[in-house]
Amino acid sequence: MKGFQSYLVIVAAILLLASCSSVQSPLAQLKPLTAGEARLTEIEMPELIREDLPYDVILRVNSEETPQISRVCFRWLSEGISSASPSLNCYAARGDFGTGNPCYSRTSVISPGSDSFCVEASDIKTDVPGRLIVRIRPTGLLDSYNKLEGQAEYVYDGQLRVTNAVKTSVTIDKQE
């Protein structure tokens, strides 16, 4: 019974670590903005998508003043739990944890994603303060893609700046 309890604790710890690794730190959101800084806080789009159909992607922007967006760039990612991670039996049998043991391995893996694709300012709707609405038409999607990452380029004080990147989960629906 004690082995089973240890097993459950290990599973809970791994799930907690995996969930924390894909979420931007809440403390980063609370950090005050510097002069001219624009920070993306969220990205929204339909979760189920098909290739070659148009979709509106909504990016929420936090800034002291409305940024002059020059373009928004995206890329598709494949994120998941690594199959190369050792089994929980390895941890249970050895009884040691942490970075110095043979069982340790990162459980989240990011495979190389797609090339970046960008939408220029003329095709970005900025009608609502704090929101950018970008229409995309996905092509070249792989079944393994399960995240869309986006970031914006903007001009402040004559200099081109880039926001942080934000991600959202997606499911690719391949029509057969």
Side-chain angles (χ1 to χ4, degrees), residues 15-83 85 106-175:
L15 290 175
L16 179 64
L17 287 173
S19 68
C20 291
S21 67
S22 65
V23 177
Q24 185 179 14
S25 166
L27 295 177
Q29 297 294 330
L30 298 175
K31 184 180 92 178
L33 295 170
T34 60
E37 180 183 11
R39 184 182 304 145
L40 297 180
T41 58
E42 187 177 3
I43 182 172
E44 301 173 29
M45 73 171 296
E47 190 172 333
L48 183 66
I49 60 170
R50 290 187 179 159
E51 192 157 356
D52 208 29
L53 291 176
Y55 296 95
D56 283 340
V57 179
I58 300 170
L59 297 152
R60 300 211 184 264
V61 182
N62 185 8
S63 65
E64 293 297 320
E65 46 191 74
T66 304
Q68 180 187 344
I69 303 295
S70 58
R71 68 183 187 162
V72 176
C73 296
F74 299 96
R75 70 182 183 135
W76 300 101
L77 300 174
S78 300
E79 288 187 5
I81 294 183
S82 171
S83 60
S85 296
R106 288 204 179 272
T107 57
S108 178
V109 68
I110 300 174
S111 300
S114 70
D115 291 334
S116 292
F117 59 97
C118 299
V119 177
E120 298 301 320
S122 59
D123 296 324
I124 300 170
K125 293 181 188 173
T126 57
D127 305 348
V128 179
R131 284 187 2 170
L132 305 173
I133 301 172
V134 184
R135 174 135 313 178
I136 63 170
R137 185 179 285 272
T139 58
L141 297 175
L142 301 179
D143 291 336
S144 62
Y145 293 158
N146 59 4
K147 299 268 185 187
L148 176 66
E149 178 182 71
Q151 63 186 126
E153 294 179 0
Y154 64 102
V155 177
Y156 178 76
D157 224 7
Q159 293 183 328
L160 185 65
R161 296 185 178 196
V162 180
T163 66
N164 59 306
V166 289
K167 300 176 196 173
T168 189
S169 296
V170 294
T171 302
I172 308 298
D173 182 23
K174 290 283 191 175
Q175 292 180 341

For R50 and Y55, which heavy atoms make the closest approach, and how far apart are they? N-OH, 2.8 Å
Considering only NZ, NE, NH1 and NH2 on the basic side and carboxylate oxygens on the acidic side, decide whether E37 and R39 come within less than 4.0 Å. yes
Does a side-chain heavy-atom distance below 4.5 Å link T139 with E51? yes
Check whether any side-chain heavy atom of W76 lies under 4.5 Å from a side-chain heavy atom of P138, and answer yes or no. yes
CG of N146 to OG1 of T168: how many Å apart, nearest 0.5 Å? 10.5 Å
Does atom CD of E64 have more than 12 heavy-atom neighbours from other groups under 6.0 Å away? no
Sequence neighbours excluded, the answer for side chain to side chain contact (heavy atoms under 4.5 Å, CB included) partners of P54 is R135, R137
Can you tell me how far OG1 of T163 sits from CD1 of I69, rounded to the nearest 0.5 angstrom? 7.5 Å
To the nearest 0.5 Å, tell me how far L148 CG sits from R75 CZ. 10.5 Å
Once you round to the nearest 0.5 Å, how far does SG of C118 lie from CD of Q151? 9.0 Å
Are side-chain heavy atoms of V134 and F74 found at a separation under 4.5 Å? yes
Check: S78 and L142 side chains under 4.5 Å, non-hydrogen atoms: no
Could you list the donor-acceptor pairs under 3.5 angstrom formed by side chains in residues 42-49, with sequence neighbours left out?
residue	atom	partner	partner atom	Å
E44	OE2	R60	NE	3.0
E44	OE2	R60	NH2	3.0

Residues passing the side chain to side chain contact (heavy atoms under 4.5 Å, CB included) test with T126, sequence neighbours excluded, are I124, L132
Rounded to the nearest 0.5 Å, what separation is found between the OG atom of S63 and the CG atom of L40? 10.0 Å
Rounded distance [0.5 Å steps], OG1 in T171 versus NZ in K147: 10.0 Å
